[in-house]
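All ligand and atom numbering here is 1-based and tracks the order in the structure.
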Amino acid sequence: MKKPIVYITRKIPNEILVPYQDSLDFRMWEDEETPVPRDVLLEEVKEADGLLCLLTEKIDRELLENAPQVKVVANMAVGYDNIDVGAALEKNVIVTNTPDVLTETTADLAFSLLTAAARRIAEANDYIRAGKWDHWSPYLLAGSDIHGKKVGIVGMGRIGESIAKRAKGFGMPILYHNRSRKPSAEKDLGATYKEFDELLREADFVVSVIPLTPETRRMFNKDAFRKMKTSAIFINVSRGGVVDEKALYHALNENTIHAAGLDVFEEEPIDANHPLVKLDNVVCLPHIGSASVETRTKMLKLCMDNLLAVFSGESPITPVKNP
Ligand code: NAP
């Protein structure tokens with residue numbers, strides 16, 4: 001019997017493919033670093049039965065209409081704002097994502113970014129490399145304390161709760177804002193629910209880990225930054241689209257807030273000359289929240305298992321149910 005054709009939008013290690021080769025026929029964009037050009041992808045999906053894609057690909061109505069046989073789109077990410085899930089569901093295309101396997105790794109990174117922004121770690125590293133360390137002095141690169149400060153988590157889902165666990169270990173009181181209350185986080189971690197505005201006013205660290213949706217787009221705007229403490233540190237590990245970056249730049253440049261740690265940006269890759277990147281009180285990372293070798297491998301395997309399940313007539317393991 002003919003094997004289903006799966007198009008993979010980036011070169012991935014061969015050892016990930018091997019266990020699935022008896023059941024699936026793989027075609028792949030043979031470049032590890034650059035995304036597949038849109039015109040190539042539109043051509044390749046014409047014959048594909050399934051797609052393994054990354055957040056660099058826009059899976060929109062145009063693409064889905066060009067892909068008459070595609071039954072399943074396996075997104076190698078937990079966030080799926082790159083996919084028009086509504087259009088996919090209309091066309092009976094199953095969409096899957098990679099929740100859980102990346103939760104702890106992303107929480108590790110979020111906490112590292114918080115630490116780096118508070119204690120000026122990137123700046124301190126640059127300082128030595130630039131040959132500037134001539135003397136030691138009491139306030140040399142002095143930053144902000146972390147222990148005892150209030151963390152405000154916006155989006156208390158899987159990753160939000162894992163960040164809260166780490167914050168608890170650092171002796172930080174935990175505030176959170178979420179669409180629904182999280183009794184387990186309140187009971188187990190002592191987290192306190194706050195309306196969005198209250199959290200902005202009270203938190204020393206505001207951590208964004210909320211999915212990008214029409215409701216959350218640019219929720220961190222000029223107004224939001226104005227409500228934060230002037231000593232506040234803003235951390236974003238969710239999606240760049242939840243932030244108005246111009247407003248963030250002005251808030252940081254005019255000391256409306258103190259510092260920021262950003263793993264995600266409205267336009268990725270962000271230009272090295274972008275004004276945000278030039279600020280000393282910002283730590284920027286190239287969207288590496290889930291980037292440990294172990295976790296990236298688990299994410300790819302979960303994509304493969306989802307594809308295989310669908311083509312074997314079983315339910316996908318981690319389907320995306322709502323647009
Ligand atoms: P999750 O478990 O679904 O958590 C998302 C939380 O946000 C849920 O608790 C949800 O509330 C809440 N929420 C959604 N819309 C809201 C709204 N309008 N107002 C208030 N709360 C809202 O997802 P996760 O696994 O923690 O991942 C969260 C996000 O992190 C992903 O969507 C992705 O964008 C980002 N991420 C980034 C990286 C990276 O590399 N930087 C890595 C992984 C994930 P309910 O419980 O009420 O639905």
Side-chain angles (χ1 to χ4, degrees), residues 54-56 75-83 85 95-114 116-117 152-167 174-186 189 191 193-200 203 206-221 224 234-243 260-270 283-300 302-303 317-323:
L54 318 183
L55 48 79
T56 40
N75 200 36
M76 189 205 170
V78 65
Y80 44 84
D81 44 279
N82 56 318
I83 300 180
V85 178
V95 177
T96 66
N97 64 345
T98 60
D100 301 316
V101 291
L102 48 58
T103 295
E104 297 300 328
T105 302
T106 309
D108 284 345
L109 192 279
F111 219 85
S112 309
L113 198 46
L114 184 154
I153 298 172
V154 180
M156 192 64 133
R158 289 171 289 245
I159 300 170
E161 280 208 38
S162 290
I163 295 170
K165 281 181 201 152
R166 285 154 179 77
I174 300 157
L175 314 177
Y176 79 97
H177 175 72
N178 198 69
R179 184 163 50 188
S180 53
R181 292 285 286 264
K182 298 286 169 164
S184 63
E186 293 183 18
L189 303 168
Y193 175 81
K194 295 280 171 184
E195 291 302 330
F196 185 50
D197 286 3
E198 283 181 296
L199 180 146
L200 298 177
V206 175
V207 181
S208 160
V209 67
I210 196 153
L212 174 61
T213 65
E215 294 80 48
T216 64
R217 185 172 288 283
R218 297 198 163 185
M219 69 188 283
F220 294 96
N221 56 19
F234 175 66
I235 306 296
N236 187 13
V237 292
S238 63
R239 286 290 184 265
V242 304
V243 176
L262 309 170
D263 184 42
V264 286
F265 301 91
E266 278 185 290
E267 283 273 327
E268 294 182 1
I270 191 167
V283 181
C284 296
L285 302 178
H287 201 148
I288 55 168
S290 63
S292 72
V293 175
E294 298 94 320
T295 292
R296 287 286 157 88
T297 301
K298 284 182 196 158
M299 290 163 73
L300 283 169
L302 180 53
C303 289
I317 303 154
T318 50
V320 171
K321 293 189 182 112
N322 300 306

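One finds the OG atom of Ser290 at 11.5 Å from the CG atom of Asp108 (value rounded to the nearest 0.5 Å). With rounding to the nearest 0.5 angstrom, the CD1 atom of Ile163 is 9.5 Å from the CG atom of Leu109. Here Asp100 contributes atom CG and Ile159 contributes atom CD1; the two are 9.5 Å apart, rounded to the nearest 0.5 Å.
Ring geometry for Tyr193 against His177 counts as tilted: the plane angle lies between 30° and 60°, on a 0 to 90° scale.
Taking every heavy atom of Gly157 and a limit of under 4.0 angstrom, the matching atoms of ligand 1 come to 2 (O), 4 (O), 6 (C), 8 (C), 9 (O), 26 (O). Every atom of ligand 1 with a heavy atom of Ser290 under 4.0 Å away is listed here by number and element: 40 (O). Those atoms of ligand 1 that come under 4.0 Å of a heavy atom in Val237, given as number and element, are 35 (C), 36 (N), 37 (C), 38 (C), 39 (C), 41 (N). Within ligand 1, the atoms closer than 4.0 Å to a non-hydrogen atom of Gly155 are 7 (O), numbered from 1 in the order shown. For ligand 1, the atoms sitting less than 4.0 Å from at least one non-hydrogen atom of Ser180 are 45 (P), 46 (O), 47 (O), numbered in the order shown with element in parentheses. Atoms of ligand 1 found under 4.0 Å from any heavy atom of His287, numbered from 1 in the order shown, are 39 (C), 40 (O), 41 (N). Ligand-side atoms of ligand 1 in range of Asp263: 39 (C), 40 (O), 41 (N), range being under 4.0 angstrom from any heavy atom. Here is the list of ligand 1 atoms found below 4.0 Å of a heavy atom in Ser238: 34 (O), 35 (C), 37 (C).
In this structure, Asn236 and Ser208 approach most closely via the heavy-atom pair OD1-OG, 3.1 Å. The two residues Leu285 and Phe265 make their nearest non-hydrogen contact at O-CE1, 3.2 Å. Of all heavy-atom pairs between Asp263 and Glu268, the closest is O-OE2, 4.4 Å.
Asn178 contributes a side-chain N or O that, together with a main-chain N or O of Met156, makes up a donor-acceptor pair within less than 3.5 Å.
Residue-ligand proximity: Lys182 is placed with a non-hydrogen atom under 4.0 Å from ligand 1. Residue contact annotation: Pro99 has no non-hydrogen atom under 4.0 Å from ligand 1. Using a 4.0 angstrom heavy-atom cutoff, Thr103 does not count as in contact with ligand 1. Using a 4.0 Å heavy-atom cutoff, Leu212 is absent from the residues neighbouring ligand 1. For the pair Thr213 and ligand 1, no heavy-atom separation below 4.0 Å is found.
Residues Cys303 and Thr98 are in side-chain contact: their nearest non-hydrogen atoms beyond the backbone lie under 4.5 Å apart. Put simply, the side chain of Val154 reaches to within 4.5 Å of the side chain of Val206, judged on heavy atoms. Looking only at side-chain heavy atoms (C-beta outward), Lys298 and Thr105 stay at 4.5 Å or farther from each other. Looking at heavy atoms from C-beta onward, Ile235 lies out of side-chain contact with Phe111 at the 4.5 angstrom threshold.
Nearest to atom 26 (O) of ligand 1 among the protein's heavy atoms is Ile159 N, 2.9 Å. For atom 31 (C) of ligand 1, the closest heavy atom belonging to the protein is Val78 CG1, 3.9 Å. Considering only non-hydrogen protein atoms, atom 29 (C) of ligand 1 sits nearest to Val209 O, 3.7 Å. Looking only at heavy atoms of the protein, atom 25 (O) of ligand 1 is closest to Arg158 NE, 3.0 Å. Arg239 NH1, 3.7 Å is the protein heavy atom nearest to atom 33 (C) of ligand 1. Closest to atom 19 (N) of ligand 1, if we only count protein heavy atoms, is Ile210 CD1, 3.8 Å.
Partner of Tyr176 under the side chain to side chain donor-acceptor pair (under 3.5 Å) criterion, chosen from Glu161, Glu186, Lys194: Glu186.
The closest non-hydrogen atom to atom 7 (O) of ligand 1, taken over Ala185, Ala77, Pro211, comes from Pro211. Of the candidates Arg179, Glu215, Met219, Arg179 brings a heavy atom nearest to atom 48 (O) of ligand 1. Evaluated by nearest non-hydrogen atom to atom 11 (O) of ligand 1, the leading choice among Val242, Asn178, Thr106 is Asn178.
Contacts of Thr216 with ligand 1, taken as heavy-atom pairs under 4.0 Å, involve the side chain alone.
On a distance-only criterion, Gly289 and ligand 1 share at least one N/O pair closer than 3.5 Å.
A salt bridge between Arg217 and Glu266 is absent, with no side-chain N of the basic residue lying under 4.0 Å from a carboxylate O of the acidic one.
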